[in-house]
Amino acid sequence: MEQAVVQLASATKVVVLTGAGVSAESGVPTFRGKDGLWHNYRAEELATPQAFRKNPALVWEWYDWRRSIIAKAKPNQGHVIIAAMEKHFPNFLLITQNVDALHERAGNRKLVELHGNIWKVRCTNCRQISHLLDVPLTLVPPVCETCGQIVRPHIVWFGENYDQDLLRIAQEAMAAADLVIVVGTSGAVWVPMQLAYLALQSGAYGIEINPNMTEMSSKVQTFIQAEAGKALPELWRQTLAQLSSKTSLRTR
Ligand code: NAD
Ligand code: ZN
């Protein structure tokens with residue numbers, strides 16, 4: 001951790017990339033963890049345009065269940081530290097794969113929600129995007145306020161394209177970063193991993209936080225094998241200590 005602390009203390013352009021693992025300690029199940037199944041369906045069977053076309057009510061029931069879990073969840077210490085980092089670094093971006101909006105609730109504003117937001121819906125007919133906050137849903141599947149047709153979650157499903165503008169913002173930040181922290185992502189989804197590799201290839205110092213090893217673990221300079229809610233506060237506490245010792249040296 002020592003080297004990571006020194007690097008973080010001197011970094012100015014910092015990007016944090018998060019996945020479902022950062023919300024695990026808030027009680028939001030990851031897709032590939034032990035609570036990832038719903039009625040024996042895997043996420044890959046429900047979070048697809050094909051599944052929605054075939055049975056929109058089933059897909060919406062799954063989202064209704066996830067929305068009810070997320071509505072009760074609170075940001076954890078990991079989210080809190082990432083929000084503190086945004087305040088500290090003049091040049092900061094958070095790129096998240098999570099759709100739970102817990103980062104926003106923790107206070108992050110400079111964030112790219114790469115996979116969308118579970119509280120937003122998009123009309124399958126007129127494409128209008130709006131907020132839908134009812135938990136539980138009053139109508140399944142829910143319909144558009146403007147045209148009355150079925151709405152879908154405003155989420156990037158398996159096999160769908162990313163929003164190109166968001167992707168460009170993420171790529172530019174990664175290419176320019178001098179430090180990247182990857183937290184709680186398995187690497188099963190390829191685009192976010194490529195983003196992290198872009199930062200490493202462009203010379204950024206890499207830190208990964210995950211209780212389990214991933215493909216990323218051998219590619220970063222520092223792999224912290226621990227839970228986000230414990231590792232992030234410890235990393236940040238040591239970084240602030242390092243910074244204040246530097247300042248006191250300078251003023252002496
Ligand atoms: P994933 O389920 O594939 O992997 C989760 C990763 O988190 C694993 O590597 C696991 O070891 C790690 N992890 C578990 N507990 C952790 C902890 N306490 N601290 C740090 N890491 C921990 O998730 P993914 O890589 O994000 O990819 C799955 C996709 O599913 C993403 O696209 C995401 O949008 C979506 N998803 C989102 C949520 C959410 O919004 N909270 C939840 C589930 C899935
Ligand atoms: Zn509509």
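Along the sequence shown, residues carry numbers from 1. Not measured: the values here are computed from a predicted model. Atoms within a ligand are numbered from 1 in the order they appear, just like the ligands themselves.
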Q: Report the member of Ile209, Val22, Asn98, Asn210 with the shortest heavy-atom distance to atom 12 (C) of ligand 1.
A: Asn210

Q) Which residue from Glu44, Glu25, Arg32 reaches closest to atom 3 (O) of ligand 1 through any of its heavy atoms? A) Arg32

**Q.** Aromatic Trp60 / basic Arg152 pairing, under 6.0 angstrom, 45° off normal
**A.** no

What protein heavy atom sits nearest [atom], and how far away is it?
{"atom": "atom 41 (N) of ligand 1", "result": "Asp100 OD2, 2.7 Å"}
{"atom": "atom 16 (C) of ligand 1", "result": "Gly21 O, 3.4 Å"}
{"atom": "atom 31 (C) of ligand 1", "result": "His115 ND1, 3.7 Å"}
{"atom": "atom 26 (O) of ligand 1", "result": "Ala20 N, 2.7 Å"}

Polar proximity ligand 1 side, [X] side, N/O cut 3.5 Å exclusive:
{"X": "Pro29", "answer": "no"}
{"X": "Ala228", "answer": "yes"}
{"X": "Gly184", "answer": "yes"}

**Q.** Test of ring centre spacing under 6.0 Å for Trp157 and Tyr162
**A.** no

(Q) When you compare the side chain of Trp119 with that of Asp100, does any pair of heavy atoms fall below 4.5 Å? (A) no

Identify every side-chain donor-acceptor pair in residues 181-192 under 3.5 Å, counting partners at least two apart or on other chains, and give the distances.
| residue | atom | partner | partner atom | Å |
| --- | --- | --- | --- | --- |
| Thr185 | OG1 | Gln97 | NE2 | 2.7 |
| Ser186 | OG | Ala188 | N | 3.2 |

Q: Could you tell me the angle subtended at the Zn ion (ligand 2) by SG of Cys144 and SG of Cys123, rounded to 10°?
A: 110°

Q. Hey, quick one: are Val16 and Leu8 part of the same hydrophobic cluster, counting side-chain heavy atoms closer than 4.5 Å, chains of contacts allowed?
A. yes

Q: State, without any angle test, whether Ser217 and Glu208 hold a side-chain donor-acceptor pair at a distance under 3.5 Å.
A: yes

